[in-house]
Amino acid sequence: MQQLAIFGGTFDPIHWGHLLVAETALHQVSLEKVIWVPSLNPPHKEAALFEHRLQMLQLAIKDNPAFTVSLVETNRSGTSYAINTLIDLSACYPNTHWYWIVGLDTFQSLPSWYRGHELAQMCDWLIAPRQLGGETITQSKLICKQVEQQLREQSLIIHWQLLNIPLVGVSSSLIRKSCRERQSIRYLVPESVRSYITNNNLYSYKSE
């Protein structure tokens, strides 16, 4: 049975932190592939056009044969729910043990997701510690255990592990802010992504 991981997100823009999380997951649990799933119309967010986010994502991962992009969310109308993504991908990749890569904040909210209790048991969870919140790894584990306990009280078992990544203080919002303020984003994103942002004048101002 193959082992695959889903890594969903806005990726607005993709940066080295995302890539480090995916690469860590790949080796920590011996995955065959990480499937990147860019969100089409992220709720509660104003994001760059999907076409731009997708192009930057493809540029960033093209040199890694274990990374692939799925356009599964573009095939659905209306609100896109995580459980639908997993069901659709399971049809494309049968006989798979699934993992889902999420940030700590996202994992915390899992019990309140649409059909979250069902989804919780359909895959194993790989959790990236919060990069800018200042929590220690011990605190991050405690937060994950609280989620596990919440689900256990409803007779649900969830399998999770923290990803052993160095905490890199970079975020998409920081990059967008730097672009608006005409600050350099070199070394925050892959060079191909930086060039794309500059050439397409994304995030208000040309970045250097």
Side-chain angles (χ1 to χ4, degrees), residues 5-25 34-64 67-74 76-82 85 100-110 112-113 126-136 139-140 143 163 165-208:
I6 298 167
F7 192 2
T10 312
F11 306 120
D12 188 31
I14 185 170
H15 53 69
W16 285 119
H18 294 131
L19 293 160
L20 186 59
V21 165
E23 181 70 8
T24 300
V34 172
I35 302 171
W36 299 70
V37 183
S39 50
L40 184 58
N41 296 305
H44 320 304
K45 284 185 182 180
E46 277 189 32
L49 287 174
F50 178 76
E51 290 75 13
H52 285 313
R53 293 184 286 113
L54 175 61
Q55 188 64 37
M56 289 187 284
L57 179 52
Q58 289 172 329
L59 286 169
I61 71 169
K62 67 180 170 65
D63 293 333
N64 192 329
F67 290 169
T68 188
V69 176
S70 169
L71 300 181
V72 64
E73 292 214 354
T74 64
R76 267 186 249 119
S77 57
T79 307
S80 183
Y81 294 109
T85 298
W100 200 300
I101 301 169
V102 291
L104 182 62
D105 290 340
T106 303
F107 185 68
Q108 251 184 304
S109 67
L110 175 62
S112 65
W113 288 14
L126 303 175
I127 301 144
R130 189 183 291 133
Q131 298 181 331
L132 300 172
E135 283 90 354
T136 64
Q139 288 168 317
S140 294
I143 290 168
L163 290 171
I165 57 169
L167 299 183
V168 180
V170 57
S171 67
S172 295
S173 57
L174 171 70
I175 292 162
R176 295 194 302 271
K177 181 173 182 285
S178 296
C179 290
R180 284 196 304 272
E181 296 175 356
R182 302 177 188 246
Q183 295 174 358
S184 174
I185 59 168
R186 193 185 292 272
Y187 309 125
L188 296 179
V189 298
E191 185 61 17
S192 56
V193 172
R194 189 183 73 88
S195 297
Y196 187 91
I197 290 170
T198 300
N199 294 338
N200 290 276
N201 199 18
L202 298 183
Y203 312 120
S204 298
Y205 296 111
K206 289 190 176 182
S207 52
E208 28 176 281

Q) Taking C-beta and beyond as the side chain, do V37 and L71 meet within less than 4.5 Å on heavy atoms? A) no

Q. Of all residues at least two apart in sequence or in a different chain, which pass the side chain to side chain donor-acceptor pair (under 3.5 Å) check with K177?
A. E181

Q) Does S140 use its side chain to pair, donor to acceptor, with the backbone of P129 at less than 3.5 Å? A) no

Q. Quick one: side chain to side chain donor-acceptor pair (under 3.5 Å) partners of T24, sequence neighbours excluded?
A. none

Q) Got a sec, which pairs hit salt bridge (Lys or Arg N to Asp or Glu O under 4.0 Å) with one end in residues 10-23, sequence neighbours left out? A) D12-R176

(Q) What I'd like to find out is whether the side chain of L202 reaches to under 4.5 Å of the side chain of C179, using heavy atoms alone. (A) no

**Q.** Distance in Å, L104 CG paired with I143 CD1, rounded so as to fall on 0.5 Å steps
**A.** 4.5 Å

Q: Quick one: pull up OH in Y203 and OG in S172 and give me the separation to the nearest 0.5 Å.
A: 7.0 Å

Q) Any side-chain heavy-atom pair from I101 and I6 closer than 4.5 angstrom? A) no

Q) How far does CD1 of I127 sit from CD1 of I165, to the nearest 0.5 angstrom? A) 11.5 Å

Q.
Is the shortest side-chain heavy-atom distance between P13 and I175 below 4.5 Å?
A. yes

**Q.** Check: F50 and T74 side chains under 4.5 Å, non-hydrogen atoms
**A.** yes

Q: Any chance you could measure I14, atom CD1, to I61, atom CD1, to the nearest 0.5 Å?
A: 7.0 Å

Q.
Going by side chain to side chain contact (heavy atoms under 4.5 Å, CB included), name the residues that satisfy it together with T106, two or more places apart in sequence or in a different chain.
A. V102, W113

Q: Identify, with sequence neighbours excluded, every residue that meets side chain to side chain contact (heavy atoms under 4.5 Å, CB included) alongside L49.
A: E51, H52

Q. When you measure from the side chain of R53 to the backbone N and O of L40, does any donor-acceptor pair fall under 3.5 Å?
A. yes

Q | Heavy-atom closest contact (P38 atom, V69 atom, distance) | A | CD-CG1, 4.0 Å

Q) Is the backbone of Q183 close enough, under 3.5 Å, to the side chain of S178 for a donor and an acceptor to pair up by distance? A) no

Q. Distance from S192 atom OG to Q58 atom CD, nearest 0.5 Å?
A. 11.5 Å

Q) How are the rings of H15 and H18 set relative to one another: parallel (under 30°), tilted (30 to 60°) or perpendicular (over 60°)? A) parallel

Q) Looking at residues at least two apart in the chain, or sitting in another chain, which of them share a ring-ring contact (aromatic ring centres under 6.0 Å, His included) with F67? A) W36

Q: Considering non-hydrogen atoms only, spot the tightest contact between L163 and A128 and give its length.
A: CD1-N, 4.3 Å

Q. Considering only heavy atoms from C-beta outward, does the side chain of Q55 approach that of N200 to under 4.5 Å?
A. no

**Q.** Value rounded to 0.5 Å, distance of CD1 in I35 from CH2 in W100
**A.** 10.5 Å

Q | Pairwise side-chain contact, V21 with F7, heavy-atom cut-off 4.5 Å (strictly under) | A | yes

